[in-house]
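First up is the structure itself, then whatever we jot down about it.
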Amino acid sequence: NAGVMQNPRHLVRRRGQEARLRCSPMKGHSHVYWYRQLPEEGLKFMVYLQKENIIDESGMPKERFSAEFPKEGPSILRIQQVVRGDSAAYFCASSPGRDGNYEQYFGPGTRLTVT
Amino acid sequence: AQSVTQPDIHITVSEGASLELRCNYSYGATPYLFWYVQSPGQGLQLLLKYFSGDTLVQGIKGFEAEFKRSQSSFNLRKPSVHWSDAAEYFCAVGARSGYSTLTFGKGTMLLVSP
């Protein structure tokens, strides 16, 4: 039973380019969370999605960032016109249910470097 | 707003010695409580969680944590540390109602000396 998968594991982008980060949740999980980890910081919540719905994007920057979780396929976190401050590790987590009684399972992360 | 404080950024412990990592939280009500471990370049692995019941929680790899409501604390302990325990440890809280995004502390880096 595969865990949460993220790809790519490492991504290098020049300033102004677009970054697309993918997350495939565990089998049977329909709830996906994205977190960002800046250097020497803990993880910060960005967005929570269910299939075809964004439930809470209160942690996501208002500009340049978007997320989706289509009916088929992985969840995508998209960062347009990247800047150096976007360099971070981005983690995806999935859970089988909505409330906090369900454990979140984390993927290995995508480490984005903006040059 | 909820917050999690891990007051120790780094801790060095000798192999075989006991370990306690501190975690304090600020929350409107008792949240769900978690400890995660992150090895360099890796994702997060859940060590243990507190939902309800016995306030002393046992986890994987010989770790345990004690929830103390009066102190708003959830400290992680291990009686004898192994070199393989060297990693970064994160305390996190989640809401009991509605959906539960996690709020993390900044982490404590554990170094194990021979």
Side-chain angles (χ1 to χ4, degrees), chain A residues 2-10 21 23-26 29-50 53-60 67 88-111 113, chain B residues 1-10 21-53 57 59-60 74 87-109:
Chain A
V4 178
M5 299 177 69
Q6 291 187 249
N7 66 81
R9 294 290 305 275
H10 299 274
L21 288 61
C23 168
S24 296
M26 287 181 71
H29 289 193
S30 58
H31 301 256
V32 166
Y33 304 79
W34 285 93
Y35 295 85
R36 177 165 66 174
Q37 184 180 31
L38 294 168
E40 301 190 0
E41 293 281 328
L43 280 73
K44 294 270 197 282
F45 165 74
M46 298 182 74
V47 61
Y48 163 47
L49 310 102
Q50 295 178 26
N53 282 301
I54 297 174
I55 307 301
D56 182 352
E57 56 183 347
S58 61
M60 201 135 80
Y90 293 82
F91 290 94
C92 165
S94 74
S95 72
R98 175 182 172 91
D99 69 39
N101 199 36
Y102 293 98
E103 178 183 335
Q104 293 183 26
Y105 294 81
F106 281 80
T110 293
R111 279 144 185 91
T113 302
Chain B
Q2 57 265 35
S3 66
V4 178
T5 302
Q6 293 180 246
D8 304 305
I9 299 173
H10 297 98
L21 301 182
R22 295 182 289 166
C23 172
N24 291 93
Y25 64 89
S26 173
Y27 211 80
T30 301
Y32 293 131
L33 297 153
F34 307 84
W35 274 99
Y36 285 87
V37 60
Q38 184 182 31
S39 298
Q42 301 298 313
L44 277 73
Q45 181 182 23
L46 181 68
L47 284 175
L48 47 77
K49 58 192 177 190
Y50 172 77
F51 284 173
S52 63
V57 180
I60 62 171
F74 189 55
E88 189 153 25
Y89 292 79
F90 292 96
C91 181
V93 302
R96 286 182 177 269
S97 59
Y99 58 85
S100 182
T101 60
L102 297 177
T103 300
F104 284 84
K106 290 191 175 183
T108 297
M109 180 65 75

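Chain naming here is simple, since letters A, B, ... match the order of the sequence lines and numbering starts at 1 in each.
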Which atom of [X] lies closest to which atom of [Y], heavy atoms considered:
X	Y	answer
A:Y48	B:T101	CB-CG2, 4.3 Å
B:Q38	A:R111	NE2-NH2, 3.9 Å
B:F90	A:Q37	CZ-NE2, 3.3 Å

ask   = Would you call B:L102 and A:Y35 a side-chain contact if the rule is heavy atoms closer than 4.5 Å?
value = yes
### Task
Count the heavy atoms of every other residue, nucleotide or ligand shown that sit under 6.0 Å from NZ of A:K44, and state whether that count exceeds 12.
yes
- Message: Counting neighbours of CG on A:L38 that are heavy atoms of other residues, nucleotides or ligands and sit closer than 6.0 Å, is the number greater than 12?
- Response: yes
So, the part of A:Q6 with a heavy atom under 4.5 Å from chain B: the answer is neither
One should read off an interatomic distance between A:Q104 CD and B:Y32 OH, to the nearest 0.5 angstrom, of 12.5 Å
